[in-house]
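A short write-up of the structure that comes next.
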Amino acid sequence: EVQLAESGGGLVQAGGSLRLSCVASGLNSDDYVIGWYRQAPGKEREVVSCIGRDDGSTNYANSVKGRFTISSDNAKNTVYMQMDSLEPEDTAVYFCGVDLSDGSARYMCPTGVDFRGKGILVTVSS
């Protein structure tokens with residue numbers, strides 16, 4: 001069974017930083033993409049960033065390019081997202097999800113996921 005668990009959220013002031021972690025278990029191949037997604041109150045879910053297990057490719061939403069960095073430690077089955085220069089608009093519940101249909105994030109992040117974590121709250125105060 002595939003399971004994902006997020007950690008690292010919390011409250012931070014605008015301009016500050018947080019690092020989210022996503023630990024995955026039960027993945028038995030290299031053909032998958034892990035992405036970070038977020039949903040703010042009253043808004044639709046949006047893709048934030050993603051990384052391909054097969055080729056290490058990454059992709060980002062325009063709203064976070066240059067501020068967020070996604071990376072992975074395959075030995076630890078963990079994907080990280082370093083979030084710098086946080087803005088109040090980044091406040092949301094963040095969750096990680098895995099798409100099992102492809103191993104590359106070269107062209108775009110998957111909009112749907114096969115499995116996801118429970119989510120973690122990130123609050124950025126002004």
Side-chain angles (χ1 to χ4, degrees):
E1 180 184 3
V2 176
Q3 293 185 330
L4 301 103
E6 306 92 346
S7 64
L11 173 64
V12 65
Q13 288 188 330
S17 298
L18 283 174
R19 188 177 79 158
L20 302 184
S21 299
C22 172
V23 179
S25 60
L27 293 167
N28 298 317
S29 76
D30 291 342
D31 288 332
Y32 61 85
V33 172
I34 287 185
W36 285 99
Y37 303 80
R38 68 186 181 186
Q39 186 162 18
K43 295 187 178 180
E44 293 187 357
R45 184 180 80 179
E46 63 173 332
V47 175
V48 180
S49 67
C50 60
I51 186 166
R53 175 64 176 88
D54 189 30
D55 61 2
S57 54
T58 60
N59 226 310
Y60 297 89
N62 288 334
S63 58
V64 306
K65 279 182 181 177
R67 300 190 297 122
F68 292 10
T69 304
I70 192 169
S71 62
S72 65
D73 184 335
N74 294 330
K76 295 182 179 180
N77 295 320
T78 301
V79 170
Y80 305 98
M81 185 165 70
Q82 177 68 35
M83 306 187 294
D84 298 320
S85 302
L86 282 161
E87 304 168 351
E89 292 74 23
D90 296 316
T91 295
V93 173
Y94 287 71
F95 70 91
C96 58
V98 61
D99 173 19
L100 301 176
S101 64
D102 195 358
S104 175
R106 184 177 308 162
Y107 300 109
M108 63 179 293
C109 291
T111 54
V113 299
D114 295 296
F115 298 92
R116 57 163 288 179
K118 293 181 180 180
I120 193 165
L121 179 62
V122 171
T123 304
V124 184
S125 63
S126 58

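We number each residue from 1, following the sequence as shown. Values in this document were obtained by computation on a predicted structure and should not be read as measured data.
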Say whether Tyr60 and Ile34 are linked into one hydrophobic cluster, either directly or through other cluster members, by side-chain heavy-atom distances under 4.5 angstrom. yes
Are any non-hydrogen side-chain atoms of Pro110 and Tyr37 less than 4.5 angstrom apart? yes
Is any side-chain heavy atom of Tyr80 closer than 4.5 Å to one of Thr69? no
Would you call the rings of Tyr94 and Phe68 parallel, tilted or perpendicular, taking 30° and 60° as the class edges? tilted
Say whether Leu18 and Ile120 are linked into one hydrophobic cluster, either directly or through other cluster members, by side-chain heavy-atom distances under 4.5 angstrom. yes
Donor-acceptor pair between Ser21 and Thr78 side chains, under 3.5 angstrom: no
Nearest atoms (heavy-atom pairs only) where Leu27 meets Leu100: CD2-CD2, 3.7 Å
Kindly indicate whether the side chain of Phe95, heavy atoms from C-beta on, has any atom under 4.5 Å from the side chain of Leu4. no
Might you point out which heavy atoms bring Ser49 and Ile70 nearest each other, and give the distance in Å? OG-CD1, 3.5 Å
Can you tell me how far the CE atom of Met81 sits from the SG atom of Cys50, to the nearest 0.5 Å? 11.0 Å
If you measure from CD1 on Ile51 to CG on Asn74, what distance do you get to the nearest 0.5 Å? 7.5 Å
Check the hydrophobic clustering (I, L, V, M, F, W, Y; side-chain heavy atoms under 4.5 Å; chains of links allowed) and say if Leu86 and Val48 are grouped together. yes
Can you tell me how far the SG atom of Cys109 sits from the CG atom of Asn59, to the nearest 0.5 Å? 4.5 Å
With rounding to the nearest 0.5 Å, note down the distance linking OG1 in Thr91 to NZ in Lys43. 9.5 Å
Do Val33 and Val23 share a hydrophobic cluster, counting only Ile, Leu, Val, Met, Phe, Trp and Tyr and linking them when any side-chain heavy atoms are less than 4.5 Å apart? no
Do Glu6 side-chain atoms and Lys118 backbone N/O form a donor-acceptor pair below 3.5 Å? yes
Any side-chain heavy-atom pair of Met83 and Val122 under 4.5 Å: yes
Inspect the contact between Glu46 and Arg38 and indicate whether a charged nitrogen and a carboxylate oxygen are less than 4.0 angstrom apart. yes
Can you give me the closest heavy-atom contact between Ser126 and Ala14, atom names plus distance? CA-CB, 4.3 Å
Result for salt bridge (charged side-chain N to carboxylate O under 4.0 Å, His left out) between Arg53 and one of Asp31, Asp99, Asp30 points to Asp30
For the pair Val93 and Leu121, evaluate side-chain contact (heavy atoms from CB on, under 4.5 Å) and give the outcome as yes or no after the intermediate values. CA-CA 4 Å; Val93 173; Leu121 179 62; 4.1 Å; yes
Between Ser104 and Asp55, the two heavy atoms sitting closest are OG-OD2, 2.7 Å
How long is the straight-line distance from OG of Ser17 back to CZ of Arg67, given to the nearest 0.5 Å? 10.5 Å
Kindly compute the distance separating CZ (Arg106) from CG (Asp54), expressed to the nearest 0.5 Å. 9.0 Å
Set out, in order, the CA-CA distance, both residues' side-chain angles and the distance that settles side-chain contact (heavy atoms from CB on, under 4.5 Å) for Val98 and Val2, then state yes or no. CA-CA 9 Å; Val98 61; Val2 176; 4.1 Å; yes
